[in-house]
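Worksheet for the structure shown next.
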Amino acid sequence: MKNLFVLIVFALVASSCSRCKTCTSGSTLITLEATHCREDFDSGKEYRDYIKELEDYGWECD
């Protein structure tokens, strides 16, 4: 019974976590930093495409 409780709590905590990436511009003059979270987009694909587009323009996201 205790193991089931631990499993349920872990599942709730893991599902409430938001996937976010902090992206930094590659500019040498002014460094810009922005955080983008999955919950701010309509779909996972839209989120991934946006991050990929930033990286294509020289931003580093992690």
Side-chain angles (χ1 to χ4, degrees):
M1 185 68 168
K2 183 179 176 184
N3 289 340
L4 180 60
F5 177 75
V6 171
L7 182 62
I8 291 172
V9 170
F10 178 76
L12 289 174
V13 169
S15 66
S16 67
C17 293
S18 176
R19 284 187 291 171
C20 296
K21 290 196 178 227
T22 300
C23 300
T24 308
S25 72
S27 173
T28 57
L29 298 175
I30 299 173
T31 301
L32 301 174
E33 185 174 286
T35 301
H36 304 284
C37 297
R38 163 59 184 94
E39 64 193 23
D40 298 331
F41 295 85
D42 293 330
S43 69
K45 181 182 181 330
E46 186 178 311
Y47 171 71
R48 290 186 302 273
D49 289 347
Y50 184 76
I51 297 297
K52 182 172 180 343
E53 187 173 324
L54 284 176
E55 291 174 337
D56 289 347
Y57 282 107
W59 288 67
E60 292 183 23
C61 299
D62 50 311

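- Rounding to the nearest 0.5 angstrom, the gap separating the SG atom in Cys61 from the CD atom in Glu33 is 10.5 Å.
- Taking the side chain to side chain donor-acceptor pair (under 3.5 Å) definition, one finds that Asp42 meets it with nothing, sequence neighbours left out.
- In this structure, Asp40 has no salt bridge (charged side-chain N to carboxylate O under 4.0 Å, His left out) partners at least two apart in sequence or on a different chain.
- Residues Thr35 and Cys20 share a closest heavy-atom pair of CG2-CB, 4.1 Å.
- Residue pairs that meet the salt bridge (charged side-chain N to carboxylate O under 4.0 Å, His left out) test with at least one member in residues 53-62, sequence neighbours left out, are Lys52-Asp56.
- Residue Ser25 holds its OG atom at 10.5 Å from CG of Leu54, rounded to the nearest 0.5 Å.
- Shortest non-hydrogen contact noted between His36 and Cys23 is CD2-SG, 4.0 Å.
- Using a 30° and 60° split on the angle between ring planes, Tyr50 and Phe41 fall in the tilted class, from 30° to 60°.
- Closest approach of Lys21 and Tyr47 over heavy atoms only: CG-OH, 3.3 Å.
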